[in-house]
Enquirer: 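After the structure tokens below, expect a handful of questions from me.
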Amino acid sequence: MIGRTIATYGISPLWVTLATVVAAPAIGGLLTGIDRKLTARLQNRVGPPIWQPFHDLVKLWSKERITVNQVQLLYVYAHLFLMIASLVGLMLGQDLLMIFFIFAFSSVSLILGGFSVRSPYSRIGSQREIMQLMAYEPVLVLMAIGIYLATGSFFVHEIITSGNPLLYSLPLVFAAYAVILVVKLRKSPFDLSTAVHHVHQEVVKGLLTEYSGPYLGLIELANWYELVFLLALGGLFWATSLWGALLAAAVLFLFQVVVDTVSARVTWAWMLKFVWTVGLGLAAINIVWLYM
Amino acid sequence: MDAWPIALAILLPVATALLAYIFRIRAARVLAVVVMAAGLMVSALALAGRGSFTYTPESVLGLPIDTLITILDLALLGYLVWIGLSMRRLSVVLLAGLQLAGLGYLEFWLRGSTPAVLPAEPAMVIDRLAVTMNLIISGVGSLVVLFALPYMDEFERRQKAMKTRQPRFFLFLLLFLGAMNGLVFSNNLLWLYFFWEATTFSSFMLITHTGAREALANGLRALWMNLLGGLAFVLALIFLARNAHIVSLRALAGWPLAGWPGWRGLPPIGSSPDLLLLPMGLLCFAAFTKAAQFPFQTWLTGAMVAPTPVSALLHSSTMVKAAVYLIIRLAPAFRGTTLGILVAVIGGFTFMAASTTAIGQANGKRVLAYSTIANLGLIIAMAGINTPQALSAALLIIIFHAISKALLFICVGTIEHGIRTRDIEEMEGLFYKMPMTTIITVVAMTSMMLPPFGVLIGKWLAIEASVRFPLLLPFVVLGSALTVVFWSKWLGRILTVSYHRKFRLEKLPLLISASMLVLAAAVVVASFGIASVFDFLAAPVVRGQFGIAGVVTPRADLATGMGEFIPWPIFLLIVLVLLAIPISFSRVKPADIRPPYLCGENAGEKPGTSFYSARDEINLTRTGNYYVTGVFGEASINRWAYPIAVGLLLLMIGVIKP
Amino acid sequence: MGFISTARVKSPWIMHFETGSCNGCAIEVFAALTPVYDLERFGILNTGNPKHADIMLVTGCVSFRAGRVLRNLYHQMPGPKAVVAIGVCALTGGIFHDCYNLAPGVDKVIPVDVYVPGCAARPEAIIAGTVMALDRLAGKAGPPNIAPGEPRRGLEEGRVVEIAPGNSDK
Ligand code: SF4
């Protein structure tokens, strides 16, 4: 992966940052398009062209700026910037825990954005997003710990340069990660706080209800960064080879598309129970292996 | 004399307290407190500027200090017994009486019979740990006391008090400051015990300040729980004096003494485990009660009936920190023992359980109380495992939690006086009513849970430190995830705001806004300079114990060898986002404003607050937060938390019994 | 077509609002949204939220109460935006045109770009109408239709509902 290239060829971090900031939206947008196309095919539809997300983005940016209050915009910026920061941190091979905390900050910004308006829909969405955060956050931290126990470091670049793919030592954590990936991407059955990308709706549009036009576009952009971030994180499980990493990411990607298509939405309590038992349980068992 | 800062730190608050009590004029009180605050800060800075040193004051006004402390001790305990009698609370009478008996036995019987009990070590040792605590007490403490001046005026106006009780209030608040400073300087365990009991006493007097029925009940609960800890303390002292001839904290814990060439304490605990584990465990127990660890958490949540400065000073940033301070002092002695792991697990369990309970709380001060208990638990957990990284984490959390939490309490106190409630659900729209307070509250809350602020960095360090301790790990992981939940809920509630063309800053008394702003600035600056803070305050302590610091600060960041936290890029991003504020405010025109979506049924003047119902009536929109009291309520949590916590304490007895 | 108009034309998000009457047209709108017609082929998403929508599909005769809601929703849509009136009820009030509680026709309340007649309009016609409305998004359409007329008053439990004609966006 890119981190490995830095380690080997000594590319300046500035270039990595720039490349990430520029390339990630392109990849993320395309992946979102592929996601929509695949979903449509699975539903026996033709579906939109795969560059449809870019049309959406340009259209959103060209719309009238309307807003509910003056501060809404700040949360969007904070969400986007911190999301980019966590992706850049990952690409630069930084401390995984620190990256997760920045990532959490990014999610909290979006939640606060939903809370900042007096709309019941967006606030219910925010409440549910908090529940989602509560569900996946411990699994992410456990994942970082598992990676530490397997490689002896929290640094991403050391994972890449360490010998064995993480999948050997952390198969169950990988499974747990697949579960929280669906939660984090807000895909069915866990699309409680808002339903992204698709024709699904939930409490109108959940915590995105009050964002429109350019602001919604920025959130969409952040979603692409997030998708790339999460898939790259999945790629870490086979980070010793580029093809392996891509394969791991592709498996996760396909997994969430299929799950999204075949399942119906559950309540947040059900989600919390499921993630804390299955997700946390799997991750914890795997970590106990590592201690033994 | 080079010990003037010590004398200043302890005696100045005491003298000011007496002055404020005797001269009951408001102006005199304000003047005295302001002078005292300045004096305390000067003394704290003077101490911080010096290296470690020891000091043994011989006498005050011709009276040997040992004797003086014994007399005061006995008087204090006697008074507590009297309180118990007058309030008809058997537990208080019993616990205070037993302590009195124990202390008498120790002072008169043991001291007479075994000459070796006499202190052979300096009575006071001022090292970086003591300096850190002193900076918190004198710095944060002074600011809180300054805040208390206008706050108490408003408080009494609200209470419609006939006669002002402020002299009494400031008497105990300031006495507490002196006692607390004495506590962190003391090396002599007898002295430490006296100051310990003095803080318990002032805490009781301040909780019961209003004299209301609820205040009395909660104060008595706090008193008996703390006295239980005090009793454990006395038992530990007796045991130490009888069997090990130790009255010095450092000798007990084997801390190296800089600048004192004498006896370096007993050999580390491994060589005589039976001898010292019992007193060690008793002292830890005393600390658990004072730090309100489960199952003793109820006294701290009950103590929230006290006026807010009390909560800010005693029940979050300083007094309860005395407990974790004691455990950190003892930690070298039980490093790597079963007792250490058990202490860590008890702390970790409290961290998780208190964070969980906080989710179900709608009362702002109770959320703060539970968050305090949780953080104390985390510090204790870190002290229990006591590796270089864990100790660094504990120290960082002590420092940053003290600042952030004092600030939060000040904010909640101000909010309470502004909108007359501390109910989180009622704080909606605070951003418009009190923009400045809200922004500062947001800074404080963010600093409790999110990067790049100090408490979070401490948590990061705590997680990295506990990866080798599988028994502790699940608690730390779950606890830190749950922390985000209750803060974000609350944060979301106060940040809700409709469009207003202009926001007008609220008017606050000078001392309130000043103390808020100074503390907020301290939070930001200290977090930004966390590397320097660590190098100056925490690293020497860690190095003193382990020889290495465990955490290095190569590039204005913290690196542990396993990982690295670089706060400044996040600061940069936050500044970038903040730069968007003026742009956003100037760009958004009234014509861009649309009311929130309410299915098109918007009604009323204020957008989003009301809608036409199916019967064509105007109804208010209301969205409450999730509290899920069925799962996160106190009753449901206590159902499983109490048995586990009591079980853990019982386990500890098994570990420490000789 | 410019870059931006292309994007606008390729990504029209719709919302549907039913203002009363028999719901027949509303059912046909839902039919048009089903996988059988697969509107997502054209980038059309049903948002159900005026803040995200570009095109509003309105069906049904506009009762005074629904008119108030309709105007609010229209006001909450960010420009550029288009309105498609579907079914004769939405066009003129249809068989309900002389009811006491109606503003006969969506264009009495908000500007309308495309009229799709029918009772009920067929899904194909609805899709065709939606595609015609894309001209508005591309900036090629003329001014939308606003029916001039007196402000209408309806009495509902003693409360006066004002429905002024015209573009309530400003
Ligand atoms: S036009 Fe016909 S089908 Fe459509 S709503 Fe009116 S009456 Fe019903």
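Nothing here was measured: the structure is a model prediction, and the numbers come from that model. To find a chain, count down the sequence lines: A is the first, B the second, and so on, and within it residues start at 1.
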Enquirer: Taking H52(C), Q76(C), K10(C) one by one, which has the highest count of heavy-atom pairs under 4.5 Å against chain A?
Expert: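 Between H52(C), Q76(C), K10(C), the count favours H52(C).
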Enquirer: For atom CZ of R122(C), decide whether the heavy atoms of other residues, nucleotides or ligands shown that lie under 6.0 angstrom number more than 12.
Expert: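 Open: at most 12 neighbouring heavy atoms sit under 6.0 Å from CZ of R122(C).
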Enquirer: Sub-3.5 Å donor-acceptor pair from the side chain of R36(A) to the main-chain atoms of E40(C), do we have one?
Expert: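 No, the answer is negative, given that no donor and acceptor are paired below the 3.5 Å cut-off.
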Enquirer: Which of residues 210-219 of chain A have a heavy atom under 4.5 Å from any heavy atom of chain C?
Expert: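 From residues 210-219 of chain A, the residues near chain C are E210(A), Y211(A), S212(A), G213(A), L216(A).
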Enquirer: For residues 75-88 of chain A, which residue pairs qualify under side chain to side chain donor-acceptor pair (under 3.5 Å), counting only residues two or more places apart or in two chains?
Expert: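 Residue pairs with at least one partner in residues 75-88 of chain A: H79(A)-S106(A).
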Enquirer: Is there a donor-acceptor contact under 3.5 Å from the side chain of K59(A) to the main chain of I4(C)?
Expert: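 Not at all, since once roles are kept as given, no pair shorter than 3.5 Å links the two residues.
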Enquirer: Sequence neighbours left out, what passes salt bridge (Lys or Arg N to Asp or Glu O under 4.0 Å) with E226(A)? Give chain and number order.
Expert: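 By the salt bridge (Lys or Arg N to Asp or Glu O under 4.0 Å) rule, E226(A) matches K184(A).
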Enquirer: Non-hydrogen contacts under 4.5 angstrom with chain C: give the residues of residues 47-57 of chain A involved, or none if there are none.
Expert: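 Hits under 4.5 Å: G47(A), P48(A), P49(A), Q52(A), H55(A), D56(A).
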Enquirer: Could you state the interatomic distance from NZ (K51(C)) to OG (S122(A)), rounded to the nearest 0.5 Å?
Expert: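 If I round to the nearest 0.5 Å, the distance is 9.5 Å.
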Enquirer: If we only count heavy atoms from C-beta on, is the D54(C) to K63(A) side-chain gap below 4.5 Å?
Expert: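 D54(C) vs K63(A): side chains touch.
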Enquirer: Looking only at atom types and distance, does a side-chain atom of D38(C) sit under 3.5 Å from a main-chain N or O of V46(A), one as donor and one as acceptor?
Expert: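 Yes, the answer is positive, given that a donor and an acceptor are paired below the 3.5 Å cut-off.
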Enquirer: Do side-chain atoms of N49(C) reach the backbone of V204(A) as a donor and acceptor pair under 3.5 angstrom?
Expert: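 Between the backbone of V204(A) and the side chain of N49(C) there is no qualifying donor-acceptor contact (under 3.5 Å).
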